[in-house]
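Residues take their numbers from the sequence shown, with the count starting at 1. Quick caveat, the model's predicted, so the values are computed rather than measured. All heavy atoms count here, side chains included; hydrogens, waters and symmetry mates do not. Indexing begins at 1, ligand by ligand and atom by atom, following the structure's order.
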Amino acid sequence: MKRGDSQPTPRHYINGRWVSGSTTGTSINPSDTREVVAEYARADRNQAEEAIRAAADALPSWSLSTPQRRADALDQIGSEILARKDELGTLLAREEGKTLPEAVGEVARAGQIFKFFAGEALRVPGDTIASVRPGVQVDVTREPVGVVGLITPWNFPFAIPAWKIAPALAYGNTVVFKPAELVPACGWALTDIVSRCGLPAGVFNLVMGSGREVGQTLVDHPLVNALSFTGSVPTGERILQAASARRAKAQLEMGGKNPLVVLADADLEQAVDCALQGAYFSTGQRCTASSRLIVEAKVHDAFVARLRQRLVDLKVGHALERGIEMGPVVDKNQLDQDLAYIEIARNEGAEHVWGGERLQRATPGHYMSPALFLARPEHRIAREEVFGPVACVLRADDYDHALALANDTPFGLCAGLCTTSLKHAMHFKRHADVGMTMVNLPTAGVDFHVPFGGRKASSHGAREQGRYAVEFFTTVKTGYMLA
Ligand code: TXE
């Protein structure tokens with residue numbers, strides 16, 4: 001296997017030092033599987049425990065650090081990420097396979113998140129409230145929740161770690177960060193930047209390796225006070241059970257089967273654009289992807305014809321190639337999963353419109369064409385998260401039927417609506433059973449300074465991002481004093 005041009009050799013970062021792993025692993029470029037992106041250290045249980053103890057030892061002092069110190073550190077991290085966004089974006093595109101513009105955009109967002117939480121570190125909220133008893137003063141203050149374990153997926157290897165690490169540090173917690181195994185170089189590059197912002201040893205630790213060994217050690221360890229996880233539903237459920245059993249705080253962001261409703265009065269070009277971006281960009285590997293396109297009967301055929309044409313024209317290829325609109329699938333396992341769902345859809349009688357085939361390109365990679373089916377609500381392709389460039393269209397009789405279909409899912413992350421009707425837009429915003437709604441916008445692509453999260457099987461615990469992140473990363477104390 002050939003090596004990448006500037007191949008990093010990621011090591012763990014434990015107690016302020018870079019350390020080798022008990023074993024090593026490789027991450028591979030999904031656009032060109034001959035290319036090793038990184039040979040990285042893999043931790044065992046002992047190293048994970050070492051990182052947890054370092055974070056626990058650093059907690060008493062860091063939890064009392066001044067907001068100014070935390071703000072300065074986060075601001076410095078954000079500045080460096082933003083200054084290096086093209087270089088880091090290239091690394092991300094090589095390791096995860098999203099297109100270069102998507103990758104640079106994600107890195108920039110990570111930088112903005114650190115800048116945002118630099119500000120929030122200076123605005124830790126609290127209350128003073130009049131007591132019901134004479135002469136008594138009451139205040140409500142927030143303290144760090146403690147040692148936090150951050151377990152992240154491969155699909156946003158800069159942005160998701162950023163939106164967990166930044167608030168964790170802003171509110172005075174210490175961190176053990178475990179990135180997904182497919183993207184160690186991105187986790188390491190972020191840690192490299194964090195390691196140079198003046199944090200005391202042990203405040204921030206990186207351990208790479210398997211979910212089963214390293215991740216599970218974080219989940220089970222009594223010194224880890226809180227766990228913030230993004231990933232699949234089965235793993236999230238296991239983490240929740242284990243965390244609840246030992247009363248650790250848990251925040252979970254998991255899957256989605258997000259609807260985009262297109263009403264007959266919508267601007268059709270805009271609706272097709274929303275569907276294309278929401279369902280297929282980032283190769284459909286987003287928890288906010290619109291994988292169910294619910295279209296009112298009157299415009300159903302016209303919508304399908306236009307979307308099909310856009311899919312025929314969509315340029316799929318090497319993530320670093322100029323003009324490419326959709327990169328490869330992240331790895332062979334995910335590609336197999338995507339192709340298996342194409343088979344399931346065909347076998348269950350969904351009508352194939354376009355795509356869903358393996359593609360050959362100049363470099364050997366995990367390429368597939370974007371897939372579109374016409375489905376019925378009971379089809380698995382309309383109910384289960386595929387996590388690839390695969391979407392289905394469901395026909396709706398009218399708005400009420402479309403809303404019912406939109407809510408007919410175990411998930412509840414986000415929901416989109418394309419319409420020119422203010423009445424329907426307002427109704428949908430209120431009645432879609434999700435954490436985020438988008439009107440005349442793609443379901444994927446959200447702001448960095450407002451809450452992110454869902455309902456039902458999609459999420460558990462306090463919201464991430466924006467001012468609401470304070471809920472998870474702090475714990476409240478009520479103080480009474482006789483004046
Ligand atoms: O997810 P996992 P994977 C879906 C998507 C994908 C599938 C599997 O369908 O095909 O999940 O992806 C860590 N204790 N999504 O395997 O297993 C793991 O190492 C503690 C959708 O990547 O959930 C990684 O760091 N940690 C989703 C993280 O959990 C454990 C995004 C996520 O891995 C662990 C990602 C354990 N026992 C995948 N087991 C979305 N909707 O955003 C694993 N991990």
Would you mind listing which atoms of ligand 1 come within a distance below 4.0 Å of any non-hydrogen atom of [X]?
X: Ile151; answer: 13 (C), 20 (C), 25 (O), 26 (N), 28 (C), 29 (O)
X: Pro153; answer: 31 (C), 35 (C)
X: Gln216; answer: 14 (N), 20 (C), 36 (C), 37 (N)
X: Glu385; answer: 21 (C), 41 (N)
X: Val219; answer: 20 (C)
X: Ala180; answer: 25 (O)
X: Asn155; answer: 31 (C), 42 (O)

Does an N or O from [X], backbone or side chain, lie closer than 3.5 Å to an N or O of ligand 1?
X: Gln337; value: yes
X: Ser210; value: no
X: Met254; value: yes
X: Arg212; value: no

For [atom], what is the nearest protein heavy atom, given as residue, atom name and distance?
atom: atom 30 (C) of ligand 1; result: Gly211 CA, 3.5 Å
atom: atom 24 (C) of ligand 1; result: Thr152 O, 3.4 Å
atom: atom 31 (C) of ligand 1; result: Phe387 CZ, 3.6 Å
atom: atom 39 (N) of ligand 1; result: Thr235 CG2, 3.4 Å
atom: atom 42 (O) of ligand 1; result: Cys287 CB, 3.1 Å
atom: atom 10 (O) of ligand 1; result: Gln334 OE1, 2.4 Å

Qualifying residue, where the test is side chain to side chain contact (heavy atoms under 4.5 Å, CB included) with Leu227 and the options are Val219, Leu240, Val176, Leu150: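 One option only clears the test, and that one is Val219.
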Pair Phe452 + Trp163: ring centers closer than 6.0 Å: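 Yes - the distance between ring centres of Phe452 and Trp163 falls below the 6.0 Å cut-off.
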4.0 Å heavy-atom contact, Phe156 with ligand 1: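 Distance cut 4.0 Å: Phe156 fails for ligand 1.
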Can a salt bridge be assigned to the pair [X] and [Y] using a cut-off of 4.0 Å between side-chain N and carboxylate O?
X: Lys257; Y: Glu384; value: no
X: Arg84; Y: Glu87; value: yes
X: Arg376; Y: Glu348; value: no
X: Arg383; Y: Asp408; value: yes
X: Glu321; Y: Arg361; value: no
X: Asp336; Y: Lys332; value: yes

Aromatic plane relationship, Trp154 with Phe387 - under 30° parallel, 30 to 60° tilted, over 60° perpendicular: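 Because their plane-to-plane angle is over 60°, the rings of Phe387 and Trp154 count as perpendicular.
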Whether Phe116 and Phe448 hold their rings parallel, tilted or perpendicular, with breakpoints at 30° and 60°: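 Ring orientation, 0 to 90° scale: perpendicular.
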Atom 22 (O) of ligand 1 touched by protein heavy atom at under 4.0 Å: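 Protein heavy atoms within 4.0 Å of atom 22 (O) of ligand 1 - there is at least one.
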Lys NZ or Arg CZ of Lys249 over Phe472 ring: under 6.0 Å, within 45°: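 Yes, Lys249 and Phe472 form such a contact.
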Lys98 to Phe156 six-membered ring, cation-pi geometry met (6.0 Å, 45°):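 Yes, Lys98 sits over the ring of Phe156.
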